[in-house]
Amino acid sequence: MKSLLNYITQEDLIFLNIFNNKIKCKVLDIVMPIFTYMASAAVTITLCLIAILNSNTIIHLMGINCALALAFSNVASQLLKKSVNRTRPFLKIETLYTKKIGIDVYSFPSGHTTAAFSICVMVSFFFPETAPFLILLASGIGISRMYLGVHYPSDVMAGMLVGTLTSFLIFFLI
């Protein structure tokens, strides 16, 4: 088990360096914080409320499902964060490029990525033609978290998994 964790850590560092240092440029320095904030609590909750208040029955139902997926995925993400207690990469690796953004203490899993995937996957169930765009958008949010030095790649992958699974469970079981 220890060798598997060492392997994951090594791969995390390799890919984190690519997303954080190798692709760094002035345009991404502007774009990546915008991507990150698209999955903030204020934005995701506002989007859910707008959909819930919509008079269109399908959009209203989608809003309720998005809110449930967002809530349950957030609980799962917070439970994982508090049980794993993984320190954020910029606190451990001095060579990372970071941009000061508001964050909590722990890194695993990425809450922004979790939120993005829970909403984007749910909307894709209701409007399948939007799926490629929405999954690309949610992936961009995950990449932004690595670009900004606040998450390892495995944090982002775990967030993708938690958000996606939560949406599947809500959509198919409720």
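Just so you know, these numbers come straight off a predicted model, no measurement behind them.
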Steps toward side-chain contact (heavy atoms from CB on, under 4.5 Å) verdict (Val121, Phe171): CA-CA 10 Å; Val121 168; Phe171 188 78; over 6 Å; no
Inter-residue atom distance Ser73.OG - Leu161.CG, 0.5 Å rounding: 11.5 Å
Any donor-acceptor N or O pair under 3.5 Å, side chains Thr166, Ser118: no
Are Ser107 and Val150 close enough that some pair of their side-chain heavy atoms sits under 4.5 Å apart? no
Common cluster, Ile50/Val123, ILVMFWY with side-chain heavy-atom separation under 4.5 Å: no
After noting the C-alpha distance and the side-chain angles of Asp155 and Arg145, does the key distance pass the side-chain contact (heavy atoms from CB on, under 4.5 Å) rule? CA-CA 9 Å; Asp155 300 340; Arg145 305 303 286 164; over 6 Å; no
Does a side-chain heavy-atom distance below 4.5 Å link His151 with Thr113? no
Got a donor-acceptor contact below 3.5 angstrom from the Ser77 side chain to the Asn74 backbone? no
Heavy-atom closest pair, residues Phe35 and Ser144: CB-CB, 3.8 Å
Going only through I, L, V, M, F, W and Y residues with side-chain contacts under 4.5 Å, is there a path from Leu47 to Ile141? no
Quick one, Leu28 with Lys24, criterion side-chain contact (heavy atoms from CB on, under 4.5 Å). Give me CA distance, side-chain angles, the key distance, then yes/no. CA-CA 7 Å; Leu28 291 178; Lys24 185 180 173 338; over 6 Å; no
Has the side chain of His60 got a donor or acceptor atom that lies under 3.5 Å from a matching backbone atom of Ser55? no
With a 4.5 Å limit on heavy-atom distance, are the side chains of Tyr147 and Thr36 in contact? no
Is the side chain of Ser167 donor-acceptor paired with the backbone N or O of Thr164 at a distance under 3.5 Å, no angle test? no
Are Met157 and Leu136 in one and the same hydrophobic cluster, where Ile, Leu, Val, Met, Phe, Trp and Tyr link if side-chain heavy atoms are under 4.5 Å apart? no
Student check: side-chain heavy atoms of Ile170 and Met122 closer than 4.5 Å: yes
When rounded to the nearest 0.5 angstrom, what distance separates CG in Leu148 from CE in Met32? 7.5 Å
Step through the shown structure and confirm whether more than 12 heavy atoms of other residues, nucleotides or ligands are within 6.0 Å of CZ on Phe127. yes
With sequence neighbours left out, the residues meeting ring-ring contact (aromatic ring centres under 6.0 Å, His included) with Phe108 are none
Can you check side-chain contact (heavy atoms from CB on, under 4.5 Å) on Asn65 and Phe126, steps first, answer last? CA-CA 10 Å; Asn65 281 12; Phe126 283 87; 3.5 Å; yes
Straight-line distance of Asn54 CG to Leu61 CG, nearest 0.5 Å: 12.0 Å
Please examine the side chains of Ser139 and Phe117, heavy atoms only from C-beta on, and report whether any two atoms are closer than 4.5 Å. yes
Would you call the rings of Phe172 and Phe125 parallel, tilted or perpendicular, where under 30° means parallel and over 60° means perpendicular? perpendicular
